[in-house]
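Along the sequence shown, residues are numbered consecutively beginning with 1.
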Amino acid sequence: MRLREHISPSDPIVILTGAGISKESGLQTFRDPDGVWAKHKIEDVATPQAFATNPDAVLGFYNLRRAQMGDPEIQPNAAHAALGALEGIWPGGVLLVTQNIDDLHARGGSRNLIHMHGELAKTRCNACGDLTEGVGDIETAMVCGKCSVTGTLRPHVVWFGEMPLEMDRIGGALANCGLFVSIGTSGNVYPAAGFVEEARNHGAYTVELNLEESLGASLFQEGRYGPATEIVPAFVNELQALAQN
């Protein structure tokens, strides 16, 4: 077991997840050939400029994404559940950083969780920043319940050209972790694609768990490949055995 040679149960773990882990729950990914960006231009639906120019189109796009996430057939899978369980068994602590805007990690049991690209299930006011829960449709005629301004409500997601959330906290965790694990990511979206180098430069052992090698696969010291629902629970089982010895 290579993990035993490189980490101890007292080492903090940082886990980065991407669309690959949610795809196995039935959610559309953004970068697959038949995914979301194959059907829509980024500049038309996922930028502040698009929202300012054509808010109805932008809100309609995300309302469809919300409807998909609310489908009762979309449930956390074995990989989500394994990561949720890991928090309770690893003495050094686990921080899960996800690029996904769905709520499957939380529903799978993860609590120490950062949504660096925001959360589709939340609505934010562009005027006052107020956050509210709910996965129903957002309409341009809606009024913010806090500041009473009309037409400023938007999904709480990070659009292209906006800064990902909680980067200072993520940076601190990467500088102090003993193990960095990337799951289901393409390796071509920054700043997340740079996390492996940051963690490794601070001495962390780095592992990629993915369906296939990512663009940054050579940066990892270990790679395991296959469906997330198979390789993630197996990996967590190894960590559990390590924690118990």
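- Across A50 and D44, no two heavy atoms sit closer than the pair CB-O, 3.4 Å.
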Worksheet item: How far apart are the C-alpha atoms of E5 and Y205, what are their side-chain angles, what is the distance that settles it, and do they pass the side-chain hydrogen bond (donor to acceptor under 3.5 Å, both in side chains) test?
Response: CA-CA 10 Å; E5 301 171 5; Y205 187 63; over 6 Å; no
Acceptor/donor pairs from residues 76-83 side chains to any protein atom, 3.5 angstrom cut, sequence neighbours excluded:
unit_1 : atom_1 : unit_2 : atom_2 : d
N77    : OD1    : A79    : N      : 2.8
N77    : OD1    : H80    : N      : 3.2
N77    : OD1    : H80    : ND1    : 3.3
N77    : ND2    : I21    : O      : 2.9
N77    : ND2    : S25    : OG     : 3.1
H80    : ND1    : N77    : N      : 3.0

Item to complete: Take I74 and L104, measure what side-chain contact (heavy atoms from CB on, under 4.5 Å) needs, and give me the verdict at the end.
Response: CA-CA 9 Å; I74 304 298; L104 293 174; 4.2 Å; yes
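- Considering CG of N237 and CG of L86, their distance stands at 10.0 Å, rounded to 0.5 Å.
- Side chains of L27 and Q68 form a contact here, defined as non-hydrogen atoms less than 4.5 Å apart.
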Discussion item. Run the side-chain contact (heavy atoms from CB on, under 4.5 Å) test on K122 and R124 for me, step by step, so that the C-alpha distance in whole Å, both residues' side-chain angles and the decisive distance to 0.1 Å come before the verdict.
Written reply: CA-CA 7 Å; K122 294 183 178 179; R124 184 169 86 239; over 6 Å; no
Discussion item. Pair N63, I138 - check side-chain contact (heavy atoms from CB on, under 4.5 Å), show working.
Written reply: CA-CA 7 Å; N63 286 340; I138 307 174; 4.1 Å; yes
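- Using a 4.5 Å cut-off between side-chain heavy atoms of Ile, Leu, Val, Met, Phe, Trp and Tyr, with links allowed through other members, I15 and I114 fall into different hydrophobic clusters.
- Here OG1 of T123 is found 9.0 Å from CD of E133. Values are rounded to the nearest 0.5 Å.
- What you find for S186 and S214 is that their closest heavy atoms are O-CB, 3.5 Å.
- Of all heavy-atom pairs between F195 and V97, the closest is CE1-CG1, 4.3 Å.
- Criterion: ILVMFWY side-chain heavy atoms under 4.5 Å apart, direct or through other members. Under it, V236 and L113 are part of a common hydrophobic cluster.
- No side-chain heavy atom of T206 sits less than 4.5 Å from a side-chain heavy atom of L219.
- You'll find the side chain of D103 reaches within 4.5 Å of the side chain of M69, heavy atoms only.
- No side-chain donor-acceptor contact under 3.5 Å links N201 to the backbone of E198.
- Placement of I89 and L209 within a single hydrophobic cluster is found when ILVMFWY residues are connected by side-chain heavy-atom separations under 4.5 Å, directly or transitively.
- When side chains are defined from C-beta on, Y225 counts as touching E208, because their heavy atoms get closer than 4.5 Å.
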Mind listing the side-chain donor-acceptor pairs of residues 144-154 below 3.5 Å, one per line with the distance, residues two or more places apart or on another chain?
unit_1 : atom_1 : unit_2 : atom_2 : d
R154   : NH1    : N126   : OD1    : 3.4
R154   : NH1    : E162   : OE2    : 2.9
R154   : NH2    : V157   : O      : 2.6
R154   : NH2    : E162   : OE1    : 3.1

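- The cationic atom of R66 (NZ for Lys, CZ for Arg) does not lie both less than 6.0 Å from the six-membered ring centre of Y62 and within 45° of the ring axis.
- A single hydrophobic cluster is not seen to contain both L96 and F220; linkage of ILVMFWY side chains at heavy-atom distances under 4.5 Å, directly or through other members, places them apart.
- Side-chain atoms of P191 and P164, non-hydrogen and from C-beta on, do get closer than 4.5 Å to each other.
- At a threshold of 4.5 Å between non-hydrogen side-chain atoms, the residues P55 and V58 do not count as touching.
- Cluster partners of L165, using a side-chain heavy-atom cutoff of under 4.5 Å among ILVMFWY residues and allowing indirect links, are V158.
- Taking 4.5 Å as the limit, some side-chain heavy atom of L239 sits within range of a side-chain heavy atom of I13.
- Interatomic distance, I101 CD1 to R65 CZ, rounded to the nearest 0.5 Å: 8.5 Å.
- When atom types are taken as modelled, the side chain of N100 and the backbone of G18 share a donor-acceptor pair closer than 3.5 angstrom.
- Expressed to the nearest 0.5 Å, how far CG of L3 lies from CG of L179 amounts to 6.5 Å.
- For the pair A199 and C177, the tightest heavy-atom approach, listed with the atom from each and the gap, is CB-SG, 4.2 Å.
- Distance NE2/H115 to OG1/T17: 8.5 Å, rounded to 0.5 Å.
- Residues V207 and F235 form a side-chain contact, since some pair of their non-hydrogen atoms from C-beta on lies under 4.5 Å apart.
- Minimum heavy-atom separation, I7 to D11: CA-OD2, 3.3 Å.
- Shortest non-hydrogen contact noted between L120 and P155 is CD1-CB, 4.4 Å.
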Item to complete: Assess whether side-chain contact (heavy atoms from CB on, under 4.5 Å) is satisfied between Q99 and M116, documenting all intermediate values.
Response: CA-CA 6 Å; Q99 300 171 86; M116 64 178 293; 4.0 Å; yes
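- Checking side-chain atoms of D71 against main-chain N and O of E73 turns up a donor-acceptor pair under 3.5 Å.
- Remark: D168 CG is loosely packed, at most 12 non-hydrogen atoms of other residues, nucleotides or ligands lying under 6.0 Å away.
- Rounding to the nearest 0.5 Å places CG of L95 at 8.5 Å from CD of E87.
- Between F51 and W159, the ring planes are tilted. Angles from 30° to 60° get that label.
- Residues I170 and V94 fall into different hydrophobic clusters, defined by Ile, Leu, Val, Met, Phe, Trp and Tyr side chains chained together at heavy-atom separations under 4.5 Å.
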